[in-house]
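Before any comments, here is the structure.
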Amino acid sequence: MKKAIDSIMPSSSAGMSRIDGRLKVTGAAKYSAEYTPAGLTYGVLVGSTITKGSITSIDTKAAGQAPGVLAVITHLNAPKVPGDQPEGGKPVPPKGAFKVFYDDKIYYNGQPIALVIADTFERALFGASLVKAQYHTDKHITNLPDNRSNGFPPRGEGTYKRGTEDAWKAAPFKVEQEYIVPTVTHNPMELHAIIANWDADNKLSVWDKTQGVKGTQEDLAHLFKLPVENVQVHSQFVGGAFGSALRTWPHEVAAIIGAKVVKKPVKLVLSRADMFTSVGYRPFTWQKIAIGATADGKLTGITHEAAGQTSSYENFTEGPTGVSQNLYACPNVNTKYHLVALDIATPTWMRGPGEATGSFALESALDELSYSLKLDPVELRLRNYAEKDPESGKPFSSKFLNEAYQLGADHIGWSERKQEPASVKKDGWLVGYGMAGGMFGAYRSGATIRAKMNTDGSLLLQSAVSDIGPGTGTAMVLIASEQMGIPAEKIRFEMGDSSLPNAPTQGGSATTASVGSAVYQACADLKEKFQKLIGNGGTDKPDYAKVLKEHNLPSLEVVTETGGGNGMEKYAMNSWSVHFVKVLVNPATGVVKIDKVACVADSGHIISPKTARSQVVGGAIGGIGMALMEESIIDHRYGRYINNNFADYHVPVNADIPQIDALFVNKPDPIINPMGAKGMAEIALIGMAAAVANAVYNASGKRVRDLPITPDKVMA
Amino acid sequence: MKQFQYVRPATQQGVLDVINKPGTKIIAGGTNLVDLMKRGVTAPDKLVDINQLPLKTIAATKTGLHIGALALNSVVSENAVVADKHPLLAMALKAGASPQLRNMATVGGNMMQRTRCGYFYDVTMPCNKRAPGTGCGAIEGINRMHAIFGASPQCIAVHPSDMCVALAALDATVIVAGKKGERRLPFTEFHRLPGDHPELDNHLAKDELITGVEIPDNNFAKNSYYLKIRDRQSYAFALVSVAAALDIENGTIKDARLAMGGVAHKPWRLFDAEKSLIGKKATEENFEHAAQLAMRGAKGYGNNSFKLKLAPATIAEALKHAAGLV
C-alpha cells in the first residue's frame, strides 16, 4: 500500500520550490510596513475602554504637546470621509461598515477613538497613552449563549428545507447535540499595516496588507471620492491573512485621514491586541444538530440550527449550515441560521468560513451516530455518499471523495482503530483514531493577465493578484512553464500592485482556478501570436527568442481576460477533503497529543505539489489550533478580550504538531478550468477540528462539544 | 512607553547606591519588564542595567551548588553539574518559556517576574496588584489560570515561574545583597502570599539585589521529575506543574520533596504530602494518598475549579515518573 500512496503523494521534496521562498527566508521580501517613503511619520490608535455608549469629552491636550507629536485626530477634528457622508440629503443608513472618527458613538470595546501621529513610533505610542476620554456608558451585551433568543434570520439566508422537516425524529437511531465554536482570531504572523500617502490632493498611494489590491483600490476610491486610477495600492508580500485582509478596515481609513492632516506619509501598524478587535475574527457560533438514521446507517433526516454573532452595526453572515445541506445524500434536511447582534466589532471570513464551523458540528454528530449504530465512521459516510449534488440534483463536475477516504484510512492505519472508546492504552496514554471530512464550493472568477515574451526568451506575467502565502506566483509560473514549454527560471510573475491587470481578491480558494485560467489562456494567446508570425508549419512551442529576433521584434505581448467559466449552470462544483487523526490522551491529566495526521484533498489536478503540500499542512495546523487551543475570550462584564496576546491566545507550536502527511487524489476536474485544478485553502482546514474531537472520543470516551478541547474538558 | 533614564553602574555597590530611589527598576534580561513597560503596567523613570555585574557563575560550594543571579536560564538548563546533580532544575527550566526567552532570561529575573494574570496586564481593568484598591478582576472573572491555594479576597494571581517551583522543592537559599551586607533566606520564603498587599510579590527590600541562589547537595538526582500540564506542548504557562524529587532506597522512600506551580501566588511546597511519603514504598497508591493530602485547603473560583482535580492527578503522575513507575 505504501508504494501506491507514494505514487500519488508528492513527497516534501518533490516539485518546484516556492519562487519567492529565498526572498522570504532571507528577509529580502518587503512587507507593507517595511517601506520608508521620505518624511514617514508614525500613527498609533487609541482604543475605547468602554463597550457601548458615547464619548462625552476627550482630552488630547497633553498628547498634542508631547514631544514629536504632529497631530491628534478624533471624531471632533477629523476631516470628513466623503464616502461616509449622507448623499443627496439621504440619511446615512444605521447599518453598514464601521465609520472611523465619524461621531461620538461607541459600538465595541477597543474601537478607535483617536489617532496620534508623531515623528517616531515611540513618541506616537507615548502620545497615545496621554489621550483621555470620558464616556457616557450604556449597558452592553457581548455574550451569545445568554442572548441567543434575540437572534434574527439574515436576509435571504435564514432557513432551508428539503423533504420533511425534522424527519430525524422518526428514525430508529438518532443523535441530537449542541456544539460551540468560540470566537477564533485569524492572527496571521504579520500584523496588519498600512503606509498611506497623499501624492496630491486627489492622488493617494498606500502600501497595505490586503488580500486584493483591486478591491482595496475600489474601496478607497469610493470612500475618498477619487477616480479609481488615482488610488495606488501596493501589497507585494503578505505575511498570512486567512481572511482578515479581505476587506477594508477602519485602521486603513484612519491612516489615510492622518496622512491628509499631517501632509506626510503615515505608517500605522496594529498591535497584537488590536488584531483582536480591528480586523475581524471567526464568529462565536452555537449549533444544534439532530440526525436520524436507519439501522443500516442510512441517513433519514438532518436538522441543523446555528446562531452566530455579529456586530450591532453590521450583519456578517456565513454559511455554517450549508455543509448539512450538501455533504451527504440525505432526503430530508432542514436548517436554520440566525444572527445575534452584540456590542462587538464585526466578524469576517476566516479560512473555511461557515463550513469550518458547520463541519465541526455535523461531523462530530455523525461520529456520535456511528457509535450508536456500532458502525465504522468511514463506512457510515460511504453508505450516505452523495453521487450527485443532494440539493440541486446536478452532477458533480468531479468527485473522488471515496478514493480520498480510502487513501487516508490506509495511510493512518485505520484498521488499527477499535470501535470501543477508551479501549487502547500504550505507555500510559490512551490511543484513538478519528476522521472527518469537509467540502467547499470550487469557484472561479474572471481575471486578466498580461504576458510578454522578450528576446532573451524570458516571459513576464503580470497580474494584480495577491499571494497571502499559498504560493500563487509559484503555481502561475508552473502553469506558464508547461504551456509555453520554457523552464520556470525564465518566467517572472509580477503581482500585488493595483497598476497591474485585474485579478480577483485572494479568497474562497479560487485564485488558482481564476488567475491560473487567465495565465493558461494568455499563454495560448501568446503562442497563437507566435504561430501567426511563423506561419504554417511552425511548432506549438517554438524557440520564442529566435522568432522574435528573426522578425526584429523587441517583444511580443498579449493581454488576456478570462471569465468565470460556465460550468456552474450544469454542474455542482466542490473540493472535498478528509482528515484522519491519531491522538494520545493522558487519562490522568486530560492532555491531548496529536500523534499522526493524514489529510487527503480531492481538489482536482495538483499544479504545484510542494506549495500544495504546504497549504494542506498549514490548514491542518490551523484546524488543530481550532480543535485544541484557539479561543478569544471576552470578560463579558467589561466586554473586553482578556487574552489578546500571543502568550495567552494559543496557536500551535512545533511541539504540538507531529508529521502531517498531505495526500492528493490528484485527478483533474474536467469542467472547472483547463488545468483541472480546484481550490485547496479552505478544505485543508474544514473538518479538521471534528477529526481531532472524534479521535479524542475514540481514545478517551470523552466527547467534547465546545471547542477548544483543553485538558480540563477532557479530564472532567 | 514613557521616556526613562538608563544607567549601567560598573559595580554592585554602584547598583545598590541607585536602586532605592523611587521609580527605579533593575533590568537584567528584560523579558518580562519590557513587556510590562510596553503595556503601561509599569512605567519606571530609571532602569538600572545589571548585566555587567559578575554574577553569572555556576560553581560547586562545600555544601551545594551556587548559581549566580545573572546566569542565563538556558545556560543553567544546559550546565553539566546541574544536569548531573539537580536534573529537576534543568527540567523545570526547559519547561519554561521558549529557547529565545531562556537565552535572555536570568535566574534573578525569573524569580522577579510578575504574574501573567490578564487583569494585571490590562490597565483599564481592576487589579489590586497593579493598582491597589481597584479590586480583583479575576475573582469573579476569567480565572482559569488562577490560584487554588493561599489566595486572598484581594488577589488570586499565580506566580508564573517553572524554575522557582524546582528551586522551592530543592530547598534552595536565596542570597541577597543590601547596603548592610548579605542576607540569606530560604527560597520558600522569598515569594509571599497576596494577603492584603498583593502589590508585593516577594520579600526583597527595595534596596536589595539578588546575587544568587544556592542548592544544597541531595540524593534526589536519580528520582526527580518536573511535570507541567498546559494548554499546548510548549511555550505556555502551567495550568498545574509539579516538581517531584524522591530519595528511594530498596523501594522505600527515605526523603521526598514536592512543589507545585500554577496554583498559588508563590511556588507551593507540599510539606504534608512529603512527610506522608517518608518511610513508605514508592507505589501508585501511596502517591495518590500524598496527592490527596496536598489538596487540603484548596479552593476553586469557577473557571479554575478543574485544578482541584487536575492538581492531585498531576502530583501522582509526577511522583510516578520520578519513581520510574511510568
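The figures here come from the full heavy-atom set of this structure, side chains too, leaving out hydrogens, waters and symmetry mates. What you are looking at is a predicted structure, and each value in this text was computed from that prediction instead of being measured.
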- Criterion side chain to side chain contact (heavy atoms under 4.5 Å, CB included) against B/Arg232, the qualifying member of A/Ile624, A/Val651, A/Leu628: A/Val651
- Note on the structure: Tested for side chain to side chain contact (heavy atoms under 4.5 Å, CB included) against A/Val591, the lone hit among B/Arg230, B/Lys228, B/Glu317, B/Gln233 is B/Gln233
[X] portion near chain B, given a 4.5 angstrom heavy-atom threshold:
X	answer
A/Asn586	side chain
A/Ile657	neither
A/Ser129	neither
A/Val592	backbone
A/Asp635	both
A/Ile633	side chain
A/Tyr638	side chain

Can you tell me which of [options] forms the most heavy-atom pairs within a distance under 4.5 Å of chain B?
options	result
A/Arg640, A/Arg123, A/Lys593	A/Arg640
A/Met629, A/Lys713, A/His650	A/His650
A/Thr589, A/Asp427, A/Thr49, A/Ile709	A/Thr589

- Looking only at heavy atoms, which two atoms of A/Arg637 and B/Gly137 are closest? And how far apart? NH2-O, 2.5 Å
- Note on the structure: Between B/Leu239 and A/Pro711 the two heavy atoms that sit nearest each other are CD1-CG, 4.0 Å
Got a second to check how far [X]'s [atom1] is from [Y]'s [atom2], nearest 0.5 Å?
X	Y	atom1	atom2	answer
A/Asn645	B/Arg39	CG	CZ	6.0 Å
A/Asn643	B/Arg116	CG	CZ	15.0 Å
B/Lys38	A/Glu122	NZ	CD	10.0 Å

- How about residues 121-128 of chain B versus chain A: which residues have heavy atoms under 4.5 Å apart? B/Asp122, B/Thr124, B/Met125, B/Pro126
- Do B/Met145 and A/Asp648 touch side chain to side chain, with heavy atoms closer than 4.5 Å? no
